[in-house]
Amino acid sequence: MISGLRSIWFWGASVTIVGSLFAASPKGKVADNSDKLKSDYIFMEALRHHERDSDDAYFDLINRAHELDPANSELAFYKGYYGFMISNEDSIAFNDGYNLMKRHFNENPTEFYNNFVYGSINDRIGQSEEALRVWETLDSVYPSKTEVTFKLAEALAASRDSAKVAKSIEVYDRIEKSQGKNIPISTRKIRAFFSTQDTASILNEVKSLLKASPRSVENNVFAGDIYAMFSANDSALYYYNRACDIDSTSGLAYYAKANFYKNTGDSVGYDREVFRALTRESLDLDTKLELMTNYIRALYENPAQQPRIQELFATLIDQHPHEVDIHELYCSYLMAVQDYRQAAEQLGYAIDIDPSHEDRWATLMTLYIQDGDYEKSAEVGEKALRYFPDNATIYHILGADYTQMKNYDEALSAFNTALEKIDPADFEQQSQINSAIGDLFYSKEETDSAFIYYDKAIAIDPDNLLALNNCAYYLAVEGRDLDRAETMSARTIREKPEDATSLDTYAWIMFKKKNYVEAQAYIEKAIANTEELSEELCHHAGDIYFMNGDPKKAVEYWEKALDFEPDNELLKRKVKHKTYFYE
């Protein structure tokens with residue numbers, strides 16, 4: 001006979017099995033001693049393969065061990081358990097495996113570990129009566145094992161039968177005698193009472209819990225939660241206030257009170273209690289982050305709340321200066337309100353604390369780009385490459401920075417390095433980089449090279465709307481292949497019908513094709529869909545209105561364009577002479 005420590009896997013968790021492998025009742029063929037010894041050896045080999053995650057070899061060896069000693073019900077359990085777990089939708093394998101485990105329980109009802117697994121499986125697959133049979137049996141043999149006692153109580157309560165629910169309460173009472181009155185057990189009892197809609201017993205359980213520890217903040221908050229569940233708001237608020245009175249530093253009490261006000265629609269009370277909860281150092285960080293996230297989500301669009309939100313973040317950072325999650329959450333909020341400079345500052349703090357996340361560096365670079373600080377973005381990118389020298393995205397963004405800074409040679413080098421390091425299967429980013437190189441060459445006034453790269457970008461990814469739009473626009477500016485430009489631009493508008501840049505491009509193509517009425521319709525739609533006017537948009541609008549016989553409106557838009565570029569000589573002439581000039 002071999003006794004020892006063995007391990008099986010149950011629903012992804014390791015369960016340790018202790019006991020004698022061969023303490024089984026005979027069933028079927030009785031193996032002779034030679035076969036038992038072989039079975040013993042093969043089983044040990046199976047366990048060795050199991051530890052190495054060689055599942056196929058493990059199962060083959062378990063099957064062989066079971067063939068040599070079919071009377072051993074514990075071997076049958078192992079075979080059945082593994083077959084059951086890999087059965088997927090094979091009902092025959094499922095039932096065969098289940099029956100082998102059931103056989104082990106029937107033949108060895110007092111064996112603990114495998115039968116505990118079998119009982120848990122029955123809970124999972126909804127075999128409630130069989131689960132209850134297992135837990136009653138094990139509880140009668142191991143009354144001191146609380147994990148079994150809890151399983152028994154839960155199985156009884158799950159039946160929704162009033163007699164069994166009453167019995168489950170008796171089992172929980174038994175646990176309470178050894179553990180004392182506490183919220184986890186009261187929660188289980190209340191859940192059982194809910195199954196039979198016994199409201200009176202639920203409230204009596206709450207009172208019993210409070211009587212056991214009337215000065216417990218947790219118990220008073222729990223009582224408030226239960227009364228709130230029944231919409232007994234006055235009673236709920238009484239217990240929340242009582243919890244706050246017992247311990248004015250309790251973050252939990254104010255957190256619960258804040259949620260109460262939120263759920264009852266009292267925005268003033270919610271705002272007040274959120275602030276109190278977040279300023280309590282006793283409230284754990286994860287709860288603070290959850291509360292702050294919900295608070296921001298509800299109020300960030302209200303400009304009047306921004307000072308309040310920033311004050312809360314200042315408090316949190318003062319309490320937890322080295323917590324990356326707080327700085328990242330603050331960064332997300334600042335991005336939402338379009339304060340990109342401060343957002344970059346907060347993300348910079350997060351990177352200083354933990355520089356190991358590549359995505360943070362790329363995000364920081366784009367935040368500085370959003371703020372118009374290409375030099376700072378490039379500085380961040382150059383530093384990021386010390387940590388991640390093979391990151392194609394960082395090289396890609398660096399190329400964009402250098403292009404804006406007119407460092408064209410450095411930009412082209414960065415883009416080419418990005419293309420070398422990018423995943424060959426990432427066609428989308430390959431296309432984006434080629435499109436960016438096209439922009440670079442157009443900035444250098446090397447238009448033929450620009451169109452070569454735009455064409456390459458579109459060939460790699462025909463859905464690259466930025467490449468389609470830019471290529472179409474520059475073709476229009478150059479007065480080249482306007483029909484192709486119209487086709488490409490029309491595609492971008494179909495995909496993004498409210499995008500001001502795409503609408504402006506199409507309007508300008510129509511202008512170049514002398515379709516002035518259609519050009520006006522699209523430039524007006526572009527203006528209606530833009531958040532901020534630009535020199536380019538206003539200049540186009542002025543030209544289009546002039547060609548549609550509205551010089552007054554044309555001058556109005558030329559003047560707006562001149563506000564953006566006061567040194568633009570062509571605009572000055574148009575405004576001065578109130579007429580259109582080609583150059």
Side-chain angles (χ1 to χ4, degrees), residues 153 157 169 172-173 175-299 305 308-309 311-312 315-316 318-320:
I169 301 302
Y172 284 129
D173 287 341
I175 299 172
E176 274 186 343
K177 286 180 181 178
S178 62
Q179 293 188 358
K181 201 80 179 172
N182 60 67
I183 289 175
I185 295 177
S186 289
T187 300
R188 291 168 185 261
K189 291 168 80 171
I190 287 171
R191 194 181 299 131
F193 290 133
F194 259 117
S195 69
T196 56
Q197 300 181 334
D198 188 349
T199 304
S201 293
I202 290 171
L203 298 180
N204 285 336
E205 179 60 29
V206 172
K207 292 172 184 176
S208 175
L209 180 67
L210 286 168
K211 185 178 179 181
S213 300
R215 299 284 298 172
S216 164
V217 169
E218 291 78 10
N219 286 1
N220 279 276
V221 168
F222 181 78
D225 290 344
I226 296 299
Y227 278 106
M229 193 184 305
F230 287 106
S231 299
N233 292 342
D234 290 343
S235 295
L237 191 55
Y238 168 80
Y239 285 109
Y240 291 137
N241 284 331
R242 194 159 182 265
C244 293
D245 291 341
I246 291 168
D247 183 0
S248 62
T249 68
S250 171
L252 172 66
Y254 289 107
Y255 172 70
K257 200 173 171 184
N259 279 335
F260 169 78
Y261 282 124
K262 180 183 180 183
N263 293 332
T264 55
D266 185 343
S267 59
V268 175
Y270 173 65
D271 184 74
R272 181 184 65 246
E273 301 307 326
V274 163
F275 189 82
R276 289 178 175 174
L278 289 171
T279 55
R280 267 54 184 180
E281 293 192 17
S282 62
L283 191 62
D284 68 273
L285 180 60
D286 287 344
T287 304
K288 284 181 178 179
L289 288 171
E290 177 192 351
L291 187 58
M292 193 68 180
T293 300
N294 292 334
Y295 187 73
I296 293 170
R297 192 176 289 131
L299 300 174
Q305 292 293 336
R308 178 81 158 177
I309 292 172
E311 182 183 357
L312 286 173
T315 300
L316 285 178
D318 185 58
Q319 292 174 350
H320 311 279

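Positions are given from 1 along the sequence.
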Contacts of K257 that satisfy side chain to side chain donor-acceptor pair (under 3.5 Å) - sequence neighbours left out:
N241

Results of salt bridge (Lys or Arg N to Asp or Glu O under 4.0 Å) for D173 - residues two or more places apart only:
K189

Examine distances only and state if a side-chain atom of S282 and a backbone atom of T249 form a donor-acceptor pair shorter than 3.5 Å.
yes

Residues K181 and S213: side-chain donor-acceptor under 3.5 angstrom:
no

Under the criterion ring-ring contact (aromatic ring centres under 6.0 Å, His included), which of Y261, F260, Y254 is the partner of Y240?
F260

Is there a donor-acceptor pair closer than 3.5 Å between any side-chain N or O of E273 and the backbone N or O of N259?
no

Going by salt bridge (Lys or Arg N to Asp or Glu O under 4.0 Å), name the residues that satisfy it together with R280, two or more places apart in sequence or in a different chain.
none

Applying salt bridge (Lys or Arg N to Asp or Glu O under 4.0 Å), name anything that partners R188, two or more places apart in sequence or on another chain.
E154

Residues that F230 engages under ring-ring contact (aromatic ring centres under 6.0 Å, His included), provided they are two or more places apart
F194

Taking only residues two or more places apart in sequence, or in another chain, which ones meet E311 in a side chain to side chain contact (heavy atoms under 4.5 Å, CB included)?
F275

Taking D286 for its side chain and D284 for its backbone only, find out whether a donor-acceptor pair lies under 3.5 Å.
no

Quick check: does any side chain N or O of D266 sit under 3.5 Å from a backbone N or O of K262, one acting as donor and the other as acceptor?
no

